[in-house]
Structures are given as structure tokens and as C-alpha cells.
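Predicted model, so just to flag it, every value in this text is computed and none were measured.
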Amino acid sequence: MADLVTIDDVRAAAEVIGGRVLRTPTLPSPGLSTLLGVPTTVKLELLQRSGSFKTRGAFTKILSLSDEARAAGVVGVSGGNHGIALADAASALGVAATVVMPSSAPARSVELARASGADVRLTDGLAAAFALLHELVEAGATLVHPYDDPVVVAAQGTVGLEFATDAPDVTDVLVSIGGGGLISGVAAAFHALVPGVRVWGVEVEGADAMRQALDAGGPVDITPTSIVSTLSAPHASQLTYDHAVTLVEDVLVVSDADAVRGSIALAEAQKVWAEPAAGCLVAAAPAVLERVGPGARLGIVVCGGNATFADVVRWSGV
């Protein structure tokens, strides 16, 4: 079993990125509280630099590298948000970055990564993206993995550190899962700071790598088919799987259509423009409430907002 990140690891990451990333707002949500029927608090990580939580991991990892590793340039694979964040952080730190994305990645994500100066390589599918990533690392580039790295997990855990500090009365926290880096770090922080809290993972059909891993007893490869590219990891890692088994109450799966409807609900009830990777949490909340019974106080990590109006209009027809 992999070593789990600790609250000390998370606090150390917070020290590293202090002043480089935003301490995003944690707010009570009257709109979502009315919609869901219980007190609901949101962590608005979609307001983060680069539009998602991924910036925390990208900065922390690059800052942890030796001068030699930085000079070699960094490389990452992404369905969108990790690529945007890696490009932004690398640019800010004067490090060359290559981002590998499947051609199915949102055009806006490609544009944003390129605008930050990254060399964006598009491939025919996610498997080809990971194959090219391997080639680039073999050729000498320094890997910044989106989730299979304890440094990155600890950095994403700073979301939970801030959330738990600002809203220690929540009973149930909902976190979306792609590869599992965010929920691993958030769960580690919350369990250290809020005794008895329950942390729930949410995925979408066709991008349910963690649910399938839990059912199989370990990480398995999947072929993502969801429209939600930012959650479309080809597998969980042993590191994130072990965190989920130990710290996560359960992982629920909703449809793409429900995730998109959740994004629209966030726009209407919370007045924020969130991608379906966050919308899926609203869709899953009623199932969580049905299981935990009365007295719940929800926390929702609104993880990212890198979706265009045209994207949501198109997806709303699924």
C-alpha cells in the first residue's frame, strides 16, 4: 500500500505556494441550500488562477524540482485543466513546458495552454497521448503527473485545508474524481481537521476509473468515453486508489447529461460558470443525502470553470 499524504505534507505544500495561488472563497450557498434542502457550502476553486485547482499541484511540483530537472523542461498529459495549469505555472517560473492532449480536449483548453507559451502536442486519443508522454520523458523531459505523485496530491490537499478551516461544520464533502489527486488530498486534509467528516467521490459514466478500481480491488485501465474530458483519466493510480479506499466514504457515478444539468444548476443557483466536472457533484448530492439521512451539512468543491458557453450549449443536448 502506498504511503498516504499527511496534514503536515499538505501544510508544507501550502507554505510553498503561498502568494502564488489564490486562497479561493468558501461561501455558504443560499441557492444550493434551497435546491438541495440542506445547508450547503461551496469552495469556489473555479476562481483559482488558470480556472481550476490544478494550479496548486503544478506550482508545487515545479518548485520542488532541482535546477537540472527544471532546465530539462517539464511535460504533462491532460484532458484540459492540468495542461492549462502546467503551462501557466511553468511560464511564471521561467520553465519550458510541453503539454500533450488528446485531440478531443476542449479547443479553449488548447488555446489557453498555448497562450501561456507551452508546446501543445495533440494526439489521436488518450492512449496515444500517454504513449507520447512516455517518449518525451524517456528523451529527458521532467514529468509533472496530474495525479500520481504525492507532491501533487499534497498540493491539491490545500483545497481541503482551506475548506476545512473555513467551514469546519460540514458533515459531508463532495469531490469530483478524474485520476483521484484532488479527492486524495482533500480527504487527507478534512479527516485530519474535521473528525467524523464523510468525503464522497463523484465520477461520470464513461470516466469512472476510480469506481471501476474499487469494484476490481485495484486500478484498472479504462477507455474514457465521457464528454467530460477533465475527468477522463485512463486509470486511477495505486496512490490515489489507496487514498480512496482508506479515506473516501464511497464513489458515486452520474450520467454526462446529469453532470451538464448540474453545471446549469450551479449557474442558476450559485451564479457561477462551472464545468460539468463540478456539475456532477450537484447531480450526486441527492443520492448522498438519501444515504446519510437528516442533519447533513454539505460541502461542495467547485473544482473548475474552463468550459465555454458553446461547450455547455452543445453538451446540454446529450
Side-chain angles (χ1 to χ4, degrees), residues 2-7 9-10 12-14 16-17 21 24 43 45-46 48 50-64 74-86 89 99 126 130 133 143-163 173-191 199-204 207-211 213-214 219 222 224 228-248 251 275 277-278 280-281 301-304 306:
D3 290 336
L4 304 187
V5 301
T6 68
I7 190 63
D9 297 327
V10 175
V16 169
I17 57 177
V21 304
T24 53
K43 174 66 168 166
E45 197 62 14
L46 83 173
Q48 184 56 259
S50 86
S52 84
F53 72 94
K54 292 284 190 178
T55 292
R56 298 171 183 262
F59 265 108
T60 306
K61 182 60 180 180
I62 295 174
L63 288 166
S64 77
V74 294
V75 62
V77 64
S78 174
N81 286 341
H82 177 62
I84 298 169
L86 181 60
V99 175
L126 203 56
F130 272 86
L133 175 74
L143 174 64
V144 179
H145 199 282
Y147 56 88
D148 189 24
D149 186 327
V151 173
V152 172
V153 169
Q156 316 305 28
T158 61
V159 175
L161 173 62
E162 295 171 9
F163 201 171
V173 180
L174 279 66
V175 186
S176 52
I177 300 178
L182 177 62
I183 196 169
S184 296
V186 167
F190 257 100
H191 279 290
V199 179
W200 303 80
V202 183
E203 296 180 307
V204 291
D208 56 345
M210 188 63 78
R211 179 69 267 167
L214 293 171
I222 71 165
V228 189
S229 65
T230 50
L231 296 185
S232 293
H235 49 73
S237 69
Q238 191 66 45
L239 175 67
T240 58
Y241 170 80
D242 288 343
H243 279 79
V245 167
T246 307
L247 301 174
V248 175
V251 174
E275 59 195 63
C280 67
L281 303 176
V301 178
V302 186
C303 55
N306 288 317

Note, [X] side chain near [Y] side chain (heavy atom, < 4.5 Å):
X	Y	answer
I183	H243	no
V152	T60	no
L247	V199	no
L281	V302	no
N306	T230	no
L239	P150	yes
L182	C303	yes

Straight-line distance of [X] [atom1] to [Y] [atom2], nearest 0.5 Å:
X	Y	atom1	atom2	result
F163	T158	CZ	OG1	13.5 Å
D9	L4	CG	CG	10.0 Å
L86	I62	CG	CD1	5.0 Å

Inset, instruction - Walk me through it: do E162 and T24 pass the test side-chain contact (heavy atoms from CB on, under 4.5 Å)? - result: CA-CA 8 Å; E162 295 171 9; T24 53; 4.1 Å; yes
Closest contact, heavy atoms only, [X] versus [Y]:
X	Y	value
G160	A189	C-CB, 3.8 Å
G76	H82	CA-NE2, 4.3 Å
I84	S50	CG2-O, 3.7 Å
A213	Y241	O-CE1, 3.5 Å
P234	Y147	CD-OH, 4.2 Å
A155	G57	CB-CA, 3.6 Å

Inset, instruction - Check salt bridge (charged side-chain N to carboxylate O under 4.0 Å, His left out) between D149 and all other residues, then give those that pass, not counting sequence neighbours. - result: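 Listed in chain order: K61.
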Legend entry - With sequence neighbours excluded, residues passing salt bridge (charged side-chain N to carboxylate O under 4.0 Å, His left out) with E203: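 Partners of E203 under the salt bridge (charged side-chain N to carboxylate O under 4.0 Å, His left out) test: none.
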Inset, instruction - Ignoring hydrogens and angles, tell me if any N or O in the side chain of T240 forms a donor-acceptor pair with the backbone of G179 under 3.5 Å. - result: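 Checked: pair present.
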Inset, instruction - Using atom types as modelled and distance alone, determine if a side-chain donor or acceptor of S52 lies under 3.5 Å from a backbone N or O of G304. - result: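 No; zero donor-acceptor contacts below 3.5 Å.
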Inset, instruction - Scan Q156, Q48, K43 and name whichever one has a side chain to side chain contact (heavy atoms under 4.5 Å, CB included) with F53. - result: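 That would be Q156; it is the only one of Q156, Q48, K43 passing the side chain to side chain contact (heavy atoms under 4.5 Å, CB included) with F53.
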Legend entry - side chain to side chain contact (heavy atoms under 4.5 Å, CB included) partner of V248, chosen from V251, T246, V245: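 Per the side chain to side chain contact (heavy atoms under 4.5 Å, CB included) rule, the option paired with V248 is V251, out of V251, T246, V245.
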Inset, instruction - Take the angle between the ring planes of H235 and F130 and call it parallel below 30°, perpendicular above 60°, tilted in between. - result: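 Ring orientation of H235 relative to F130: tilted.
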Inset, instruction - Output all residues satisfying side chain to side chain contact (heavy atoms under 4.5 Å, CB included) with S232, sequence neighbours left out; order by chain, then residue number. - result: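 Per chain and number, S232 pairs via side chain to side chain contact (heavy atoms under 4.5 Å, CB included) with A207, P224, S226.
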